[in-house]
Amino acid sequence: MYMKKYIVCASLCLVCLGFGSCSEDKLEAESVIVDSNVKQTDFDKWIKANFTDPYNIVFKYRYEHNETDMNYYNVPADYEQAVKLAHIVKYASIEAYDQVAGVDFTRTFFPKLFYATGEFEYRNDGTMILGTAEGGKKIFLAGTNHLNKLSTTVESLNTYYLRTIHHEFTHILNQTKNYTAEYQKVNGNLYIGDAWSSEKGATGYLQRGFITAYSQMEAREDFAEMLSMYVTNTPEQWAKWMAEAAKDPKTGKKTPGAEHIAKKLEMVRVYMRDEFNIDIDALRDEILRREGDVINGYVNLTDLKIDK
C-alpha cells in the first residue's frame, strides 16, 4: 500500500480584454451558471438512504475532475462494480465499526466522502496507490473496475480495497487524537522512507520489526499498517508472521522483529481502547466475519431496493 496526500490550490483569474470596453458591456439577463441535470439513478437513491441519511457520508462514483489526482491517468468507475464496492464498504467496513464501537462513533469519525475511480494509480517506481485520505474528510478508492476479479478471496479483497480503508481511517483517527510518541522509538532508527519499495526494503522487514514493507516508510504509516493488517488477518496468520519475525531465515538466529512488532501492537491496542473504547480483537472478529459473508455470497451486492 502506498499513501500520499496532495494539497491542490486553485485560483480563478478573470481577464478583461479591452479594458476600456469592460464597463460599457451590458450583463446578460440569463446566468452562465447552469445547474447540473444529472439524472438520479437507483444507485444514487440507495447511496442517500444507506450512506448520506444515516452517516452524513457521500459515496461518489461518477468521474469528477476536481476530486481526481491529475498526476495519474485514471478512468471513471464502472457503474455495476461501483454498486458492489459501495455495498462492500458499507457492510464489511462501516457497519463493522458500528457493531463494535457504536453508530455514534462511525457518524463522528468516518470520513464524509468516499470517491471511487476505475483504475489504480501507478508510480514510476513500480508501486501503485490503492487509496488516499485527505484532511480527515475524504477517502479515495482506486481500482473499482478490477473489483470483480480482485474480490474472489478475503485476501485479495483486503489487499486491494478494504485494508486501504482501515489504513486510511487510522490516519483520520490519528489526526483527531494522536498516538504516543513512544511508538516511533521502538525501532525508529530503521525507517527508510521511499526506499521501502527497493530491493532492500522488500525483504527482511519482519525480522527488523515491521509488519509490511510499507511500514518502513515512517512511523505514522507503520502505525496505520499495524492496525489495518491486524484487523484484516486471522490470529493464525498473525502468529505465523510473528514466528517468521523472531528469527533470521538464513541463519536461524534470533532477531528482535517479533518483540518490536508485539510492543508496537500493544501501543496500538491501548490507543484504540483508551481513545475510542475499541477492542481491536473484537473489531478483527467482526471484520473477518463480515468479509467472509461477502466472499461466500451471503450479502447481496447488487440489491438497490430501499427499505421503507
For the side chain of [X] and the backbone of [Y], is there at least one donor-acceptor N/O pair under 3.5 Å apart?
X: N296; Y: Y298; answer: no
X: T255; Y: K247; answer: yes
X: R284; Y: T234; answer: no
X: T117; Y: V75; answer: no
X: D248; Y: T251; answer: yes
X: S151; Y: I295; answer: no
X: Q81; Y: N145; answer: yes

[X] and [Y]: which non-hydrogen atoms are nearest, and at how many Å?
X: N187; Y: G209; answer: ND2-O, 3.3 Å
X: S198; Y: A195; answer: OG-O, 2.5 Å
X: P111; Y: F169; answer: CD-CD1, 4.1 Å
X: K112; Y: N56; answer: CD-O, 3.3 Å
X: M226; Y: I261; answer: CE-O, 3.3 Å
X: A82; Y: A77; answer: CB-CB, 4.3 Å

Quick one: do [X] and [Y] make a salt bridge, cutoff under 4.0 Å?
X: R273; Y: D279; answer: no
X: K263; Y: E266; answer: no
X: D281; Y: R269; answer: yes
X: R289; Y: D293; answer: yes
X: D274; Y: K177; answer: no

Once rounded to the nearest 0.5 Å, what's the spacing between atom [atom1] of [X] and atom [atom2] of [Y]?
X: T41; Y: R62; atom1: OG1; atom2: CZ; value: 5.5 Å
X: T52; Y: I47; atom1: OG1; atom2: CD1; value: 7.5 Å
X: L227; Y: L283; atom1: CG; atom2: CG; value: 7.0 Å
X: T170; Y: Y179; atom1: OG1; atom2: OH; value: 11.0 Å
X: D42; Y: D303; atom1: CG; atom2: CG; value: 10.5 Å
X: Y161; Y: L147; atom1: OH; atom2: CG; value: 5.0 Å

Relative to each other, are the rings of W241 and W238 parallel, tilted or perpendicular (30° and 60° limits)?
perpendicular

Which label fits Y115 and F140: parallel for a plane angle under 30°, tilted from 30 to 60°, or perpendicular past 60°?
tilted

Evaluate side-chain contact (heavy atoms from CB on, under 4.5 Å) for W46 paired with F51, printing each intermediate quantity in order.
CA-CA 8 Å; W46 184 89; F51 279 83; 3.6 Å; yes

Step through it carefully: locate the ring centre of [X], locate the ring centre of [Y], and say whether they are under 6.0 Å apart.
X: Y271; Y: F276; result: yes
X: Y79; Y: F43; result: yes
X: Y97; Y: F109; result: no
X: H146; Y: F120; result: yes

Verify the neighbour count for atom [atom1] of [X]: are there more than 12 heavy atoms of other residues, nucleotides or ligands below 6.0 Å?
X: K90; atom1: NZ; answer: yes
X: Q40; atom1: CD; answer: yes
X: Q237; atom1: CD; answer: yes
X: E244; atom1: CD; answer: yes
X: N300; atom1: CG; answer: yes

Is any side-chain heavy atom of [X] less than 4.5 Å from a side-chain heavy atom of [Y]?
X: E291; Y: T232; value: yes
X: N50; Y: F59; value: no
X: L304; Y: H87; value: yes
X: H166; Y: I287; value: yes
X: Q184; Y: D222; value: no
X: L206; Y: I211; value: yes
X: V299; Y: R290; value: no
X: Y160; Y: T164; value: no

Test side-chain contact (heavy atoms from CB on, under 4.5 Å) on L173 and E275; report intermediate values, then the result.
CA-CA 9 Å; L173 294 179; E275 299 296 347; over 6 Å; no

From CA spacing to verdict: side-chain contact (heavy atoms from CB on, under 4.5 Å), F114, I94:
CA-CA 12 Å; F114 283 93; I94 295 177; 4.2 Å; yes

[X] and [Y]: side-chain donor and acceptor closer than 3.5 Å?
X: Y61; Y: D44; value: yes
X: Y183; Y: N178; value: no
X: H167; Y: E221; value: yes
X: T176; Y: N174; value: no

Would you check, one step at a time, whether the test side-chain contact (heavy atoms from CB on, under 4.5 Å) holds for D78 with T144?
CA-CA 7 Å; D78 174 76; T144 303; 5.7 Å; no

Membership question, hydrophobic clusters at under 4.5 Å side-chain separation (ILVMFWY): are [Y] and [X] in the same one?
X: V270; Y: V268; value: no
X: L288; Y: I280; value: no
X: V100; Y: V103; value: yes

Inter- and intrachain pairs under side-chain hydrogen bond (donor to acceptor under 3.5 Å, both in side chains), touching residues 202-212, at least two apart:
R208-Q216, T212-S215, T212-E225

